[in-house]
Amino acid sequence: MALRLGDTAPNFKATTTEGEIDFYEYLGDSWGILFSHPADYTPVCTTELGRTALLKEEFAKRNVKVLAVSVDPIDKHFGWRDDINETQHCTVDFPIIADETKTVANLYDMIHPNASATATVRSLFVIGPDKLVKLMITYPASTGRNFHEVLRVIDSLQLTAKHSLATPANWQPGEDLIVVPAVSTEDAIKKFPKGVKVIKPYLRYTPQPDAQ
Ligand code: BEZ
């Protein structure tokens with residue numbers, strides 16, 4: 001059955017451009033992003049892997065480890081990685097899985113046969129330190145992902161995990177947050193010293209706790 005939010009992310013061992021890895025060992029206590037690419041030497045994927053490499057500091061700040069998947073063989077990955085570094089002016093130093101047997105693609109339901117019988121779609125999973133699936137986004141092969149959105153969702157997920165806060169539509173870091181329904185207004189007032197604005201009993205805002 002396909003994975004759903006809240007499910008345990010399946011573990012696997014894989015050959016990658018950074019050597020043999022065990023997914024759980026690679027993640028350790030970090031957050032993780034596992035994202036698939038239709039194939040090596042394809043234009044949109046080239047820009048995506050480059051963008052991911054260029055955002056290395058942003059992922060590190062958020063304690064996120066990234067891991068790419070493509071069903072092509074490892075030798076092909078090495079040549080393609082050189083091209084990505086050259087054309088995107090970056091250094092890709094995160095692992096790219098050579099998923100020739102489609103083990104990872106099948107575990108994570110990354111092949112959607114009515115889109116393509118053999119290539120993976122552009123799936124992205126965010127996995128929490130508890131190894132549970134926190135986010136799944138699926139794009140078609142022809143649409144490159146918005147990595148600003150990926151970072152924004154990670155910020156949102158981490159605010160929920162750390163402070164029991166949710167993020168309103170179009171939220172950007174620094175803007176007010178929403179108190180989750182599970183927290184009473186009485187408890188919210190104690191928990192959030194920057195103040196709680198009650199618009200409706202179910203719609204309560206508070207400033208971002210860790211913003212300057
Ligand atoms: C790409 O990955 O670049 C791509 C794949 C299929 C269609 C268009 C672009």
Side-chain angles (χ1 to χ4, degrees), residues 2-5 7 9-10 12-21 23 26-27 30-60 62 64-127 133-155 157:
L3 277 180
R4 293 180 175 171
L5 295 187
D7 288 355
F12 55 82
K13 293 186 189 332
T15 301
T16 82
T17 48
E18 302 298 316
E20 299 295 316
I21 64 153
F23 185 45
Y26 171 70
L27 292 179
S30 301
W31 290 71
I33 289 182
L34 177 70
F35 61 141
S36 60
H37 299 275
D40 291 6
Y41 295 105
T42 48
V44 175
C45 303
T46 299
T47 62
E48 287 197 324
L49 292 193
R51 184 55 52 165
T52 304
L54 292 167
L55 289 171
K56 179 178 176 163
E57 299 295 316
E58 294 300 322
F59 289 118
R62 292 164 175 82
V64 177
K65 290 194 172 165
V66 299
L67 189 58
V69 187
S70 170
V71 296
D72 284 317
I74 195 74
D75 288 350
K76 212 167 164 186
H77 280 5
F78 286 127
W80 182 39
R81 189 176 62 175
D82 290 345
D83 275 10
I84 299 167
N85 290 341
E86 178 196 330
T87 61
Q88 307 304 304
H89 313 291
C90 65
T91 304
V92 172
D93 61 2
F94 54 83
I96 308 172
I97 297 172
D99 193 29
E100 280 185 277
T101 57
K102 300 192 171 65
T103 305
V104 179
N106 287 327
L107 272 177
Y108 282 81
D109 198 28
M110 290 165 164
I111 295 179
H112 297 195
N114 291 326
S116 164
T118 52
T120 48
V121 289
R122 229 172 265 294
S123 298
L124 183 145
F125 295 83
V126 175
I127 294 150
V133 176
K134 306 292 183 187
L135 172 82
M136 303 187 296
I137 325 179
T138 305
Y139 289 80
S142 51
T143 305
R145 284 168 267 235
N146 182 334
F147 285 88
H148 299 295
E149 172 62 4
V150 173
L151 290 172
R152 192 189 76 96
V153 180
I154 289 168
D155 286 340
L157 289 167

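For ligands, and for the atoms within them, numbers begin at 1 and follow the listed sequence.
- A salt bridge is defined here as a Lys NZ or Arg NE, NH1 or NH2 lying under 4.0 Å from an Asp or Glu carboxylate O, and E18 with R81 meets this definition.
- The aromatic rings of F23 and F12 lie parallel to each other, their planes meeting at an angle below 30°, with 60° marking the opposite boundary.
- The cationic atom of K65 (NZ for Lys, CZ for Arg) lies less than 6.0 Å from the six-membered ring centre of Y26 and within 45° of the ring axis.
- A salt bridge links E149 with R152: the distance from a Lys NZ or Arg NE/NH1/NH2 to an Asp or Glu carboxylate oxygen falls below 4.0 Å.
- Note: F35 and H37 have perpendicular aromatic rings, judged against thresholds of 30 and 60 degrees for the angle between ring planes.
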Could you list the donor-acceptor pairs under 3.5 angstrom formed by side chains in residues 112-119, with sequence neighbours left out?
from	atom 1	to	atom 2	distance (Å)
H112	NE2	D109	O	3.0
S116	OG	T118	N	3.3
S116	OG	A119	N	3.0

Note down each nitrogen or oxygen pair, ligand 1 side and protein side, whose separation is under 3.5 Å; give only atom names and the distance to 0.1 Å.
from	atom 1	to	atom 2	distance (Å)
ligand 1	2 (O)	T42	OG1	3.2
ligand 1	2 (O)	R122	NH2	2.9
ligand 1	3 (O)	P43	N	3.1
ligand 1	3 (O)	V44	N	2.6

